[in-house]
Visitor: 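Dropping the structure in here first, questions after.
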Amino acid sequence: EHCQEGSLKNGDIVLYRRENGQYVLHRIIKLYGRQMSLCGDAQSKLEKNVSTNAVVARVVKICRKGKWFSCDHRGYLLYVYLWMLGIAGRIRSLKKSRK
């Protein structure tokens, strides 16, 4: 779905274009003004200070084991909530391991 101004929120999965032209699909961890921090679901390193203008599209449906789910589906929203809780722990662990 093409994104309209103000339609993005924490937890959304977006397709965006990096400055080097590469397209990436990541989840929004934090929005702050016209900037955002993103992270892939299988990663723990944040990509910070990405402009919301770089967003090309927002994911509205997910296919899991052959079944399609709307990103507004209760089960999917629970997954996003738990994932968002878990990312904070993964980032803290990564910082500790670097010391």
Visitor: Where do Ser70 and Tyr76 come nearest, in terms of heavy atoms and distance?
Guide: O-CB, 4.0 Å
Visitor: Determine whether a donor-acceptor pair (N or O, by modelled atom type, separation under 3.5 Å) exists between the side chain of Arg27 and the backbone of Gly11.
Guide: yes
Visitor: Let me confirm one number: the NE2-CZ distance from His73 to Arg64, rounded to the nearest 0.5 Å.
Guide: 13.0 Å
Visitor: How many angstroms lie between atom CG of Asn53 and atom CZ of Arg34, to the nearest 0.5 angstrom?
Guide: 5.0 Å
Visitor: For residues Tyr32 and Ser37, is any side-chain donor paired with an opposing acceptor at under 3.5 Å?
Guide: yes
Visitor: How long is the straight-line distance from CD1 of Ile29 back to NZ of Lys48, given to the nearest 0.5 Å?
Guide: 11.5 Å
Visitor: How close do Met84 and Ile28 get, counting heavy atoms only, and between which atoms?
Guide: CE-O, 3.8 Å
Visitor: Applying side-chain hydrogen bond (donor to acceptor under 3.5 Å, both in side chains) between Tyr16 and each of Gln22, Arg58, Glu47, report the one that passes.
Guide: Glu47
Visitor: Give a yes or no on whether Leu77 and Tyr81 share a hydrophobic cluster (residues Ile, Leu, Val, Met, Phe, Trp, Tyr; joining criterion: side-chain heavy atoms under 4.5 Å apart).
Guide: no
Visitor: Output the distance between atom CD (Gln35) and atom CG (Asn49), rounded to the nearest 0.5 Å.
Guide: 5.5 Å
Visitor: Side chains of Asn10 and Leu31, heavy atoms from C-beta outward: is any pair under 4.5 Å?
Guide: yes
Visitor: Do you know which two heavy atoms are closest between Val56 and Tyr23, and how far apart they sit?
Guide: CG2-CE2, 3.8 Å
Visitor: Can you see which heavy atom on Ile62 is nearest to which on Cys71, and at what distance?
Guide: CG1-SG, 4.0 Å
Visitor: I need the Leu8 CG to Ile13 CD1 distance, nearest 0.5 Å.
Guide: 12.5 Å
Visitor: Tell me whether Val55 is reachable from Val24 by hopping between hydrophobic residues (I, L, V, M, F, W, Y) whose side-chain heavy atoms are closer than 4.5 Å.
Guide: yes
Visitor: State, to 0.1 Å, how close Leu46 and Cys39 come at their nearest heavy-atom pair, and which atoms those are.
Guide: CD2-CB, 3.8 Å
Visitor: Looking at Trp83 and Asp41, would you say the former's side chain and the latter's main chain have a donor-acceptor pair under 3.5 Å?
Guide: yes
